[in-house]
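Just the heavy atoms: all of them, side chains too, but no hydrogens, waters or symmetry mates, feed the values below.
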Amino acid sequence: MLARRALLKLHAYFATRNHAPSEAQWEALRELAGSLEDMANGTAKPVFFLSSLDPGVGKSQTLIHFVDALLASRDHEHVGVLCPATFGTDPFPS
């Protein structure tokens, strides 16, 4: 339910930005949202999830819209989000 809510809002957001991912890209974004929902529900497998989508497809916007749906869910008031990020530095220096 969280993934569905997030993807509906994401689709509407993309429409306002004239952003039209391909069907294959949408499938990857659906899988990302589904994995996030599994994590929120405590049903995700204990493995690292990595998306190989190109920059600009919508990974960050998917996360933003998912967190919005998560925060609106009374069933997930006990769930937190940790999103580490680096700014202004190369996370993989040579």
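Counting non-hydrogen atoms of other residues, nucleotides and ligands closer than 6.0 Å to NE2 of His19 gives a total above 12.
The cluster map of Ile, Leu, Val, Met, Phe, Trp and Tyr, joined by side-chain heavy atoms under 4.5 Å apart, puts Phe66 and Leu71 in the same cluster. Linking Ile, Leu, Val, Met, Phe, Trp and Tyr whenever their side-chain heavy atoms come within less than 4.5 Å leaves Ile64 and Leu32 in two separate clusters.
When the ring pair (Phe, Tyr, Trp, His ring centres under 6.0 Å) test is applied to His76, no partner is found at least two apart in sequence or on another chain. Remark: Glu23 pairs with Arg30 by the salt bridge (charged side-chain N to carboxylate O under 4.0 Å, His left out) rule, at least two apart or across chains. Taking the side-chain hydrogen bond (donor to acceptor under 3.5 Å, both in side chains) definition, one finds that Ser22 meets it with Gln25, sequence neighbours left out.
A 4.5 Å side-chain heavy-atom check between Leu2 and Leu36 finds every atom pair outside the cut-off. Counting only heavy atoms from C-beta outward, the side chains of Arg5 and Leu8 never approach each other to under 4.5 Å.
Sorted by first and then second residue, the salt bridge (Lys or Arg N to Asp or Glu O under 4.0 Å) pairs with a member in residues 70-83 form an empty list; sequence neighbours excluded. Counting only residues at least two apart or on different chains, the salt bridge (Lys or Arg N to Asp or Glu O under 4.0 Å) pairs with a member in residues 54-68 are Lys9-Asp68.
With side-chain heavy atoms closer than 4.5 Å counting as contact, directly or through intermediates, the hydrophobic cluster containing Leu53 also holds Leu7, Leu10, Tyr13, Phe14, Trp26, Leu29, Val57.
Nearest heavy-atom pair, Ala3 versus Gly34, reported as atom, atom and distance to 0.1 Å: CB-N, 4.0 Å.
Atom CD of residue Glu37 and atom CZ of residue Arg4 lie 11.5 Å apart, to the nearest 0.5 angstrom.
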